[in-house]
Amino acid sequence: MTPSHERFLGKLLLRLEDEPASVAFAELRRFCEAVFGEGRQGKGSHLIFRTGVPELPIVNIQPSGRMAKPYQCRQVARAAKARMAKERD
């Protein structure tokens, strides 16, 4: 991962926590793919990602128009932080 890509992910993680209503679905999807790997298609427009974190083993994301749903942004942020902490240990 390049340093500029890491900075992008770090800034997006902050937005997921602080301004979840401002995150486009495409951004959330890119973040999930970068952190958790490729997701799988659920029913309809749902995408499901395995997080590798026992407390939150999967995250399910779905667009609301072109935006991400705020509660899903917060859920993804929690899972991403838990995964990063697990990888540091």
What donor-acceptor contacts under 3.5 angstrom involve side-chain atoms of residues 74-84, with partners at least two apart or in another chain?
unit_1	atom_1	unit_2	atom_2	d
Lys81	NZ	Glu17	OE2	2.9
Arg83	NE	Glu87	OE2	3.0
Arg83	NH1	Thr51	O	2.8

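- With sequence neighbours excluded, no residue forms a side chain to side chain donor-acceptor pair (under 3.5 Å) with Ser64.
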Can you give the donor-acceptor pairs under 3.5 Å from side chains of residues 27-38 to other protein atoms, not counting sequence neighbours?
unit_1	atom_1	unit_2	atom_2	d
Glu27	OE1	Arg15	NH2	3.2
Glu27	OE1	Ala24	N	3.0
Glu27	OE2	Arg15	NH1	3.1
Arg29	NE	Glu33	OE2	3.2

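- Hydrophobic clustering (ILVMFWY, side-chain heavy atoms < 4.5 Å, transitive): Phe8 and Leu16 are in one cluster.
- In this structure, Ile48 belongs to a hydrophobic cluster whose other members, linked by side-chain heavy atoms under 4.5 Å apart, are Ile58.
- Among residues two or more places apart in sequence or in another chain, the side chain to side chain donor-acceptor pair (under 3.5 Å) test is passed with Asn60 by His46.
- Across every non-hydrogen atom of Pro63 and Gly65, the tightest pair is CB-O, 3.5 Å.
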Before you tell me yes or no, could you show the steps for Leu47 and Gln41 under side chain to side chain contact (heavy atoms under 4.5 Å, CB included), namely the whole-Å CA-CA distance, both residues' side-chain angles and the distance that decides it to 0.1 Å?
CA-CA 5 Å; Leu47 285 172; Gln41 189 74 39; 3.6 Å; yes

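- Residue pairs meeting the salt bridge (Lys or Arg N to Asp or Glu O under 4.0 Å) criterion with at least one member in residues 48-73, sequence neighbours excluded, do not occur.
- Ile61 and Val53 are assigned to two separate hydrophobic clusters, defined by single-linkage of ILVMFWY side chains at heavy-atom distances under 4.5 Å.
- Closest non-hydrogen pair, Pro70 versus Pro20, comes out as O-CB, 3.6 Å.
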